[in-house]
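A note on names: the letters A, B, ... follow the listed sequences, proteins ahead of strands, and every chain is numbered from 1. Because the structure is predicted, anything quoted here is derived from the model rather than measured.
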Amino acid sequence: MSAGSNSSGPNNGLNNRRSTVNRLSADNVTLAYDQRVIAEQLSVEIPDNSFTVIVGPNACGKSTLLRALSRMLKPSQGRVLLDGSVIQSMPAKKVARTLGLLPQSSIAPDGITVADLVGRGRYPHQGILRQWSTEDERVVQESMEQTGVAELADRYVDELSGGQRQRVWIAMALAQQTPLLLLDEPTTYLDIQHQIDVLDLCAELHEQQGRTLVAVLHDLNHAARYATHLIALRGGEIIAEGAPNDIVTAELVEEVFGLRCQVIDDPETGTPLVVPAARKARAGGKADVTKVAATEAS
Amino acid sequence: MKSDTKSASSSASGSASTSGAKAAGKDAGKASGKAHRAIRAIRAVRTPGGLSVRLDARALTAVVLLLLAALAASVLLIGTGDFPIAAGDVLRTLLGDGNAGQEFIVNELRLPRVLVGLLVGASLGLGGALFQALSRNPLGSPDILGLGQGATAGALVVIVLFSGDAGEVTAGALLGGLATGLAIYLLAWKRGVHGYRLVLVGIGMSAIMTAVNGYLLTKADLFDAARAVVWMTGSLSGSDWDQVTPLAALCVILVPLVLGNARALRMMEMGDDVSYALGVRVERVRMLLMLAAVLLTAAATAAAGPVSFVALTAPQLARRLTRSPGPNLLPSLCMGAALLVTADWVSQRVFGADQMPVGVVTGVLGGVYLLWLLVTERKAGRI
């Protein structure tokens with residue numbers, strides 16, 4: 001909550017450029033599961049009010065990075081900073097009021113209704129004697145309306161379609177009312193219509209409410225179309241970052257994904273559109289066949 | 001219950017994604033009973049100062065009814081035995097207004113037994129609900145996980161190898177249960193893995209402990225073996241005030257602690273990641289609640305022997321009464337108490353005083369229920 005006041009800060013020295021201090025950043029983090037190191041000495045800044053999308057081939061560490069940014073994975077070295085504090089040292093509920101996360105795997109309890117599930121997003125705002133305020137009720141209703149699931153409020157989550165269910169989970173994350181929202185592959189398992197639907201919703205949340213969004217996406221074209229800030233990862237290293245129009249080139253795609261392609265302008269939006277080279281062209285070229293196969297398998 | 005519903009129910013089938021909401025309206029369509037809409041009434045009680053408490057009308061009703069049932073069964077149970085006492089006299093005596101003979105029978109002989117029954121049932125019901133919620137699996141209950149067998153092994157070691165007295169047997173059972181709980185935690189839970197892995201490890205532990213128990217029984221002489229078998233079936237007979245006090249003390253400490261974490265546990269149903277994101281300190285809550293569950297189960301087993309299947313069935317039955325998602329902790333606790341005392345009363349009415357240990361009755365009822373659960377879970381694709 002301190003980010004709003006920029007009068008004083010840890011580095012109010014000579015040239016205090018307030019735009020350089022972002023609310024969420026990773027500072028030289030080494031990320032590992034047990035002994036398996038995913039990324040070393042990685043530093044990432046999430047620009048405030050951006051829709052940041054992290055892309056990269058499978059196992060490049062993009063979900064791991066998101067887990068670290070949401071303090072679910074403790075870096076073995078370095079630190080993740082939220083509003084200037086090390087995220088692990090902050091009270092859990094306070095973090096949960098600032099930073100929301102929509103994980104890949106979540107379980108809808110048996111027999112829970114949409115309104116109940118969305119209501120659970122209010123947990124960090126509640127206490128044992130403040131279990132269900134009028135404010136909670138209002139925010140839940142609002143979140144359901146924003147995501148277009150208000151009509152489903154009394155339906156059981158089990159019986160919704162995949163697209164509806166994802167909207168319900170997003171509504172739950174919205175009810176948390178966090179200025180920062182992290183989404184781990186929010187479009188996985190959805191058909192193309194619902195993928196676009198979910199991404200449109202994300203863009204709305206970003207544009208209309210000024211929330212900072214960070215998403216991991218598989219589809220490079222979706223990423224280029226929706227992101228305001230793109231981070232391309234490979235092998236736990238940032239290969240490029242910036243606005244999609246500035247950084248997405250055929251060379252970058254080949255470097256990151258090992259895929260030969262053309263990058264053209266998206267006829268709808270003018271954003272970069274990646275068109276993979278035809279199979280013959282790729283086979284004739286020097287592209288590593290196994291690498292290409294690995295990418296296609298994703 | 002339909003009168004206090006917040007929302008009408010939609011027709012059962014074919015309400016596709018878009019149409020569902022409009023069809024709901026005021027009229028419930030065909031009264032087909034297979035309503036897909038939730039029939040729930042959750043209200044919040046709010047004070048002007050900004051405090052609010054969430055009340056689930058149906059769960060509250062269930063708790064009250066179960067408490068009344070437990071009370072009624074207790075009164076009947078106190079009245080049952082070689083010297084039957086009418087329910088009215090039992091109540092009068094409990095309120096301190098009976099004659100000397102009845103007072104002795106009620107307060108010294110039968111009341112402690114009933115209290116142990118209530119406390120054991122409550123502990124098993126709550127412990128079972130905790131285990132099932134933490135493992136997110138109805139089969140992840142102490143009966144299946146071998147905690148009962150572990151406690152039995154502890155008790156048998158004391159009986160067979162040391163010929164210990166009742167107090168030492170209780171301590172042995174408690175230690176056995178705790179050690180088993182710790183072993184299961186280390187083997188199955190260290191990296192936050194749940195569900196199948198826990199159940200499978202539990203089944204393994206259970207098999208090992210059963211083998212140990214069998215071995216101990218063959219080593220025992222006839223007197224010890226008879227004593228051990230009675231203990232192993234789970235019986236309330238011979239319960240006295242010495243067993244009531246420690247169990248009651250444990251419940252007084254653990255029940256508020258557990259209920260205080262109920263909201264966090266409800267979040268954990270949705271997976272570790274979601275609960276982390278919502279600000280639940282998952283590992284801490286899990287450790288605390290698991291320890292509480294093991295303590296409750298082990299203490300109950302130490303007091304009455306492994307009364308089978310109460311921990312498995314009580315939470316499931318409670319859930320069917322409240323129709324509420326979530327761990328249903330308080331309803332499970334009340335259900336456990338009501339179940340155990342009722343089972344004890346049934347066994348005494350049908351088979352005569354102290355002829356049939358209560359564990360046999362709960363075992364038969366619970367076994368049938370387990371079969372039913374396995375069949376339906378299979379249909380639901382979870383096994």
Side-chain angles (χ1 to χ4, degrees), chain A residues 34 67 70-72 91-97 99-117 119-137 150-157 159-161 163-164 169 172-173 176 178 182 184, chain B residues 5-10 15-22 24 36-40 42-47 49-55 133 136 138 191 194 259-264 266-282 284 319 323-327 380 382:
Chain A
D34 290 328
R67 291 182 75 80
S70 58
R71 54 104 207 238
M72 260 185 264
K93 276 193 173 181
K94 190 180 172 195
V95 175
R97 288 192 294 265
L99 182 145
L101 172 83
L102 186 70
Q104 262 185 63
S105 62
S106 31
I107 306 155
D110 279 346
I112 195 169
T113 62
V114 170
D116 261 357
L117 188 72
R120 290 188 174 191
R122 296 299 295 164
Y123 179 78
H125 300 271
Q126 296 168 334
I128 198 150
L129 291 176
R130 196 185 166 286
Q131 297 182 351
W132 195 244
S133 64
T134 42
E135 167 80 354
D136 292 334
E137 215 154 272
E151 297 183 342
L152 308 174
D154 293 317
R155 292 271 296 272
Y156 288 120
V157 176
E159 46 183 49
L160 302 182
S161 71
Q164 288 173 325
W169 284 108
M172 193 199 82
Q176 218 173 319
T178 56
L182 277 49
D184 196 356
Chain B
T5 54
K6 197 165 63 174
S7 62
S9 55
S10 77
S15 63
S17 51
T18 50
S19 66
K22 279 170 199 154
H36 274 213
R37 296 247 158 188
I39 302 176
R40 309 190 45 66
I42 295 176
R43 297 202 182 83
V45 176
R46 301 190 176 107
T47 67
L51 301 182
S52 56
V53 175
R54 235 184 151 173
L55 290 180
R136 301 189 190 103
R191 284 182 214 156
H194 324 274
L259 293 182
N261 280 288
R263 291 173 52 254
R266 194 176 304 148
M267 298 303 133
M268 283 163 61
E269 272 188 313
M270 296 182 287
D272 285 2
D273 287 359
V274 177
S275 18
Y276 265 119
L278 289 173
V280 177
R281 274 167 295 183
V282 176
R284 217 188 82 156
R319 190 199 176 101
R323 287 197 208 148
S324 158
R382 271 184 295 240

Tell me, side chain or backbone of [X] under 4.5 Å from chain B's heavy atoms, or both, or neither?
{"X": "A:Arg122", "result": "neither"}
{"X": "A:Ser106", "result": "both"}
{"X": "A:Glu135", "result": "neither"}
{"X": "A:Leu160", "result": "neither"}

Among [options], single out the residue with the greatest number of heavy-atom pairs under 4.5 Å to chain B.
{"options": "A:Ser105, A:Pro91, A:Pro109, A:Gly100", "value": "A:Pro109"}
{"options": "A:Met72, A:Arg71, A:Gln104, A:Arg120", "value": "A:Arg120"}
{"options": "A:Thr134, A:Leu102, A:Ile128, A:Val95", "value": "A:Thr134"}

Considering only heavy atoms from C-beta outward, does the side chain of [X] approach that of [Y] to under 4.5 Å?
{"X": "A:Arg130", "Y": "A:Asp136", "value": "yes"}
{"X": "B:Leu278", "Y": "A:Gln176", "value": "yes"}
{"X": "B:Met268", "Y": "B:Val282", "value": "yes"}
{"X": "A:Ile112", "Y": "B:Glu269", "value": "no"}
{"X": "A:Leu182", "Y": "A:Leu101", "value": "yes"}

Check whether [X] gets within reach of chain A through its side chain, its backbone, both or neither, counting any heavy atom under 4.5 Å.
{"X": "B:Arg46", "result": "side chain"}
{"X": "B:Ala264", "result": "both"}
{"X": "B:Arg266", "result": "both"}

Comparing B:Gly326, B:Ala277, B:Gly271 against chain A, the one with the most heavy-atom pairs below 4.5 Å turns out to be B:Ala277
Could you tell me whether a side-chain N or O of A:Gln131 sits under 3.5 Å from a main-chain N or O of B:Val53, the two making a donor and an acceptor?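 Not a single qualifying donor-acceptor pair exists.
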Query raised in the report: Does one side chain, of A:Trp132 or A:Glu137, offer a donor that lies under 3.5 Å from an acceptor on the other?
Result: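 Yes, because at least one side-chain N or O of A:Trp132 sits under 3.5 Å from a partner of the opposite role on A:Glu137.
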- Message: Before you tell me yes or no, could you show the steps for A:Arg67 and A:Asp184 under salt bridge (charged side-chain N to carboxylate O under 4.0 Å, His left out), namely the whole-Å CA-CA distance, both residues' side-chain angles and the distance that decides it to 0.1 Å?
- Response: CA-CA 9 Å; A:Arg67 291 182 75 80; A:Asp184 196 356; 5.5 Å; no
